[in-house]
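Note that the structure is a prediction, hence the values are computed from the model and not measured. Residues take their numbers from the sequence shown, with the count starting at 1.
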Amino acid sequence: MKNTAISTSRELQIIPKTDNQKRIDNHKKTATHFAAASKSHLDAAKHHENENHEKAEKSTVEAYDHSRLANEAQKLDIKLHTLISHVAL
């Protein structure tokens, strides 16, 4: 077996399962909201094509809400990554 030098403390970092699970869950939450936003935008387009502008408006608001929630989850993910990165330094 070959000896290898560890060049940074980051290579020694062990992320507790609870922190890692938080990041995994948050990524899934973000993806779910972006998928729902995408579907709502497609629904809105379909409703406009069918001249049903009230339903299109409702779908647009749903898309906005899901996008907002996805963006909030992304911000949390950035914080989680930053906190864990600083702990290793």
Looking at Glu72 and Arg68, is there a salt bridge between them, counting it only when a charged N and a carboxylate O are closer than 4.0 Å? yes
Sequence neighbours left out, what passes salt bridge (Lys or Arg N to Asp or Glu O under 4.0 Å) with Lys39? Give chain and number order. Asp43
Applying side chain to side chain donor-acceptor pair (under 3.5 Å), name anything that partners Asp77, two or more places apart in sequence or on another chain. His27, His81
His41: partners by side chain to side chain contact (heavy atoms under 4.5 Å, CB included), with sequence neighbours left out: Ala63
How would you list, by chain and number, every residue that makes a ring-ring contact (aromatic ring centres under 6.0 Å, His included) with His66, sequence neighbours excluded? His33
Find the distance between OG1 (Thr60) and CG (Asp65) and round it off to the nearest 0.5 Å. 11.0 Å
Do the side chain of Asn71 and the main chain of Ser67 share a donor and acceptor less than 3.5 angstrom apart? yes
Set of residues satisfying side chain to side chain donor-acceptor pair (under 3.5 Å) with respect to Gln74, sequence neighbours excluded: none
Under the salt bridge (Lys or Arg N to Asp or Glu O under 4.0 Å) test, which residues partner Glu57, sequence neighbours left out? none
Between Ala73 and Asn26, the two heavy atoms sitting closest are O-ND2, 2.6 Å
Sorted by chain and residue number, the side chain to side chain contact (heavy atoms under 4.5 Å, CB included) partners of Leu42 (sequence neighbours excluded) come out as Ser38
Not counting sequence neighbours, which residues clear side chain to side chain contact (heavy atoms under 4.5 Å, CB included) with Lys55? List them please. His47, Asn52
Residue list, ring-ring contact (aromatic ring centres under 6.0 Å, His included) with His48, at least two apart or on another chain: His53
Is there side-chain contact between Gln21 and Ile24, with heavy atoms separated by less than 4.5 Å? yes
